[in-house]
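Note sheet for the following structure.
For the numbers below, each heavy atom of this structure counts, side chains included, while hydrogens, waters and symmetry mates do not. Numbers here are sequence positions counted from 1.
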Amino acid sequence: MSHDGIEQEIEVPEISVPVYERSGWKVVDDQASESGEKTAAAKGRRREAGEN
């Protein structure tokens with residue numbers, strides 16, 4: 001996610017995206033959420049080979 005005036009992008013859990021959007025953050029990733037909007041991937045969650 002990115003925010004005007006802040007150079008660094010952040011990653012947040014998908015469930016937190018609506019809260020950040022209300023605070024002025026914009027989604028920059030191309031993953032689709034349940035609502036059809038784009039969301040950022042959770043920073044702490046990394047997929048391993050063979051995981052869906």
Side-chain angles (χ1 to χ4, degrees):
M1 300 193 83
S2 67
H3 195 288
D4 292 339
I6 299 177
E7 196 171 312
Q8 185 176 5
E9 292 180 351
I10 64 169
E11 294 183 13
V12 300
E14 185 172 348
I15 196 166
S16 300
V17 170
V19 174
Y20 279 82
E21 288 178 324
R22 287 191 296 270
S23 299
W25 288 86
K26 304 280 190 255
V27 174
V28 295
D29 201 1
D30 62 355
Q31 292 183 347
S33 70
E34 296 171 16
S35 64
E37 296 178 10
K38 294 181 179 182
T39 62
K43 186 172 187 175
R45 177 73 168 119
R46 302 288 181 235
R47 293 185 180 222
E48 303 210 5
E51 193 177 355
N52 288 335

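- Using a 4.5 Å cut-off on side-chain heavy atoms (C-beta onward), W25 and V12 make no contact.
- In terms of heavy-atom proximity, E9 sits nearest to V28 at OE1-CG2, 3.6 Å.
- Considering E21, K26, E11 in turn, E21 is the only one that fulfils the side-chain contact (heavy atoms from CB on, under 4.5 Å) rule with M1.
- With hydrogens and angles ignored, the 3.5 Å screen pairs a side-chain donor or acceptor of H3 with a backbone N or O of S23.
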